[in-house]
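The next block holds one structure in the form of structure tokens; read it before the comments.
Numbering of residues begins at 1 and proceeds along the displayed sequence.
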Amino acid sequence: MTDASEDPNDETQYHVAVGPDDVAETVLLPGNPERVDKVTALWDDSEEVAQHREYRTATGTYDDEPLSVTSTGIGSPSAAIAVEELARAGVETFIRVGSCGAIQEGMEVGDLVISSGGVRQEGTSKEYVREDYPAVADQEVVSALVAAAERLGYDYHVGVTMSADSFYAGQGRPGLDGFRAAGSEELVEALRDVDVKNIEMEASAIMTVANVYGLRAGAVCTVYANRITGEFRTEGESRAAETASLAAALLARMDRVKAEAGVDHWHAGLSL
């Protein structure tokens, strides 16, 4: 039985403060609430529909397709809450829009990383499913993100993302006064050896929770930190948002083509 103190009615969700009439079927998920304005600045039009705690939501259109954006705050626990509650409001597709640290050669600050799957180093998804359950991006979302990055002319990389639960120790960075968590000095090298592309804090939980509920999810992040060279710059901040927005529009068109063709899955025989 649902606790009425946490779910005061059937329409408005407790944390994200939206109902079914407030959001589109596809939602972009940046972390920082301030990024909502930077996302919607790229759209045809938008209106803020809710703001509660770290969750700020706006709905509008991009390339004439309906779209919403909800900030999740930092980390997987709050991101999973957003997916849970937005799904209850009718959302079917989630695209994380974020920043990350790149750990492979040839990945420059300002490049995009499109996640094909995730290393579940965060703890949130473990409260949903067993540890050997994979965090996998939806193939249609990945395809749409790749197509969008290609059309926009942005440099991008596709591969596995590691999601951590801390910015410092969990990502192999030193803590206060040079503190090093056990194994942290070898962490980045070990991930690099198995071709993990980047590190961030939400993607694997978003993908896992979406998969559990049969929903679509993926992630695109702009590289802010190059963990090989030590370079850090907030360059190309809008690239992930623009790529995700265009991908959402392409997904809407893909869905219409699938419906017309009478198929459930996008495949190479179909075209936009």
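Between the Ser116 side chain and the Gly159 main chain, a donor and an acceptor come within less than 3.5 Å of each other. Proximity of a side-chain donor or acceptor of Tyr55 to a complementary backbone N or O of Ser78 within less than 3.5 Å is detected. Asp44 contributes a side-chain N or O that, together with a main-chain N or O of Asp64, makes up a donor-acceptor pair within less than 3.5 Å. Within the 3.5 Å criterion, the main-chain N or O of Val16 finds no donor-acceptor partner in the side chain of His52. Put simply, the side chain of Ser71 gets close to the backbone of Glu54: a donor and an acceptor are under 3.5 Å apart.
Looking at heavy atoms from C-beta onward, Arg192 lies in side-chain contact with Ile228 at the 4.5 angstrom threshold. Using a 4.5 Å heavy-atom threshold, the side chains of Leu270 and Val263 count as touching. Looking only at side-chain heavy atoms (C-beta outward), Leu29 and Val83 come within less than 4.5 Å of each other. Contact annotation: the side chain of Leu28 approaches that of Val39 to within less than 4.5 Å [non-hydrogen atoms, C-beta and beyond]. With contacts defined as side-chain heavy-atom distances shorter than 4.5 Å, the pair Gln51/Val36 does not qualify. Within the 4.5 Å cutoff, side-chain heavy atoms of Cys221 are placed close to those of Arg96. Residues Cys100 and Met107 have side chains not in contact (no heavy-atom distance under 4.5 Å, counting atoms from C-beta outward). Residues Thr93 and Val27 are not in side-chain contact: their nearest non-hydrogen atoms beyond the backbone lie 4.5 Å or more apart.
Interatomic distance, Trp266 CH2 to Gln139 CD, rounded to the nearest 0.5 Å: 11.5 Å. To the nearest 0.5 Å, atoms CG (Asp22) and CD (Gln13) are separated by 10.5 Å. With rounding to the nearest 0.5 Å, the separation of CG in Leu145 from CG in Leu250 is 9.0 Å. With rounding to the nearest 0.5 angstrom, the CG atom of Leu246 is 10.5 Å from the CD atom of Glu65.
Ala82 and Thr72 get closest at one heavy-atom pair: CB-CG2, 3.9 Å. Thr40 and Ala58 get closest at one heavy-atom pair: CG2-CB, 3.9 Å. The two residues Val188 and Arg227 have their closest heavy-atom pair at CG2-NH2, 3.7 Å. Looking at every heavy atom in both residues, Val97 comes nearest to Arg35 through O-NH1, 4.1 Å. The minimum heavy-atom distance linking Thr26 with Leu67 is given by the pair O-CD1, 3.5 Å. Considering every non-hydrogen atom in both Met207 and Gly117, the closest pair reads CE-C, 3.6 Å.
Grouping the Ile, Leu, Val, Met, Phe, Trp and Tyr side chains by contacts below 4.5 angstrom, directly or via other members, places Leu251 apart from Leu215. Phe232 and Val223 end up in different hydrophobic clusters when Ile, Leu, Val, Met, Phe, Trp and Tyr side chains are linked at under 4.5 Å. Taken together through direct or relayed side-chain contacts under 4.5 Å among Ile, Leu, Val, Met, Phe, Trp and Tyr, Tyr133 and Val196 form parts of separate hydrophobic clusters. Tracing side-chain contacts under 4.5 Å through hydrophobic residues (I, L, V, M, F, W, Y), one reaches Val220 starting from Val142; they form part of the same cluster. Under a hydrophobic clustering in which Ile, Leu, Val, Met, Phe, Trp and Tyr are joined whenever their side-chain heavy atoms come within less than 4.5 Å, directly or via other members, Val23 and Ile95 fall into different clusters.
Using a cutoff of 4.0 Å between basic side-chain nitrogens and carboxylate oxygens, Asp63 and Arg253 are scored as salt-bridged. Salt bridge Asp195/Lys197: present, at least one basic N to carboxylate O contact under 4.0 Å. Note on Asp155 versus Arg239: no salt bridge recorded, every NZ/NE/NH1/NH2 to OD/OE distance being 4.0 Å or above.
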Please test Leu272 against Met254 for side-chain contact (heavy atoms from CB on, under 4.5 Å), starting from the C-alpha separation and ending with a verdict.
-> CA-CA 7 Å; Leu272 292 178; Met254 289 162 68; 3.9 Å; yes
Output, in order, the C-alpha distance, side-chain angles, deciding distance and verdict of side-chain contact (heavy atoms from CB on, under 4.5 Å) for Glu237 and Tyr224.
-> CA-CA 8 Å; Glu237 185 176 15; Tyr224 278 9; 3.0 Å; yes
Is there a side-chain contact (heavy atoms from CB on, under 4.5 Å) between Phe94 and Val141 once you walk through the steps?
-> CA-CA 9 Å; Phe94 301 88; Val141 176; over 6 Å; no
Can you list the steps and then say if Ser163 with Glu200 is a side-chain hydrogen bond (donor to acceptor under 3.5 Å, both in side chains)?
-> CA-CA 5 Å; Ser163 298; Glu200 52 79 80; 2.4 Å; yes
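Within 6.0 Å of CG in Leu42 there are more than 12 heavy atoms belonging to other residues, nucleotides or ligands. For CD of Glu189, the number of neighbouring non-hydrogen atoms (other residues, nucleotides, ligands) closer than 6.0 Å is 12 at most.
Judged as a side chain to side chain donor-acceptor pair (under 3.5 Å), the pairs with a partner in residues 102-112 (not counting sequence neighbours) are, in order, Asp111-His157. Within the structure, side chain to side chain donor-acceptor pair (under 3.5 Å) pairs that include any residue of residues 241-251 comprise Trp43-Ser245, Tyr154-Glu242 (at least two apart or interchain). Sorted by first and then second residue, the side chain to side chain donor-acceptor pair (under 3.5 Å) pairs with a member in residues 170-188 read Gln171-Arg173; sequence neighbours excluded.
Listed by chain and number, the residues in a salt bridge (Lys or Arg N to Asp or Glu O under 4.0 Å) with Lys258 are Glu140, Asp255 (sequence neighbours excluded). Arg120 meets the salt bridge (Lys or Arg N to Asp or Glu O under 4.0 Å) test with no other residue; sequence neighbours excluded. Under the salt bridge (Lys or Arg N to Asp or Glu O under 4.0 Å) criterion, Glu127 pairs with no residue, sequence neighbours left out.
None of Ile81, Thr124, Thr208 except one satisfies the side-chain contact (heavy atoms from CB on, under 4.5 Å) rule with Ser76; the exception is Thr124. Of the options Val194, Leu187, Ile103, a side-chain contact (heavy atoms from CB on, under 4.5 Å) to Met162 is made by Leu187 and by none of the others.
Counting only N and O atoms by type, the side chains of Glu122 and Ser204 include a donor and acceptor under 3.5 Å apart. Between the side chains of Thr161 and Ser115, at least one donor N or O sits under 3.5 Å from an acceptor N or O. When only modelled atom types and interatomic distance are considered, Glu84 and Tyr128 share a side-chain donor-acceptor pair under 3.5 Å.
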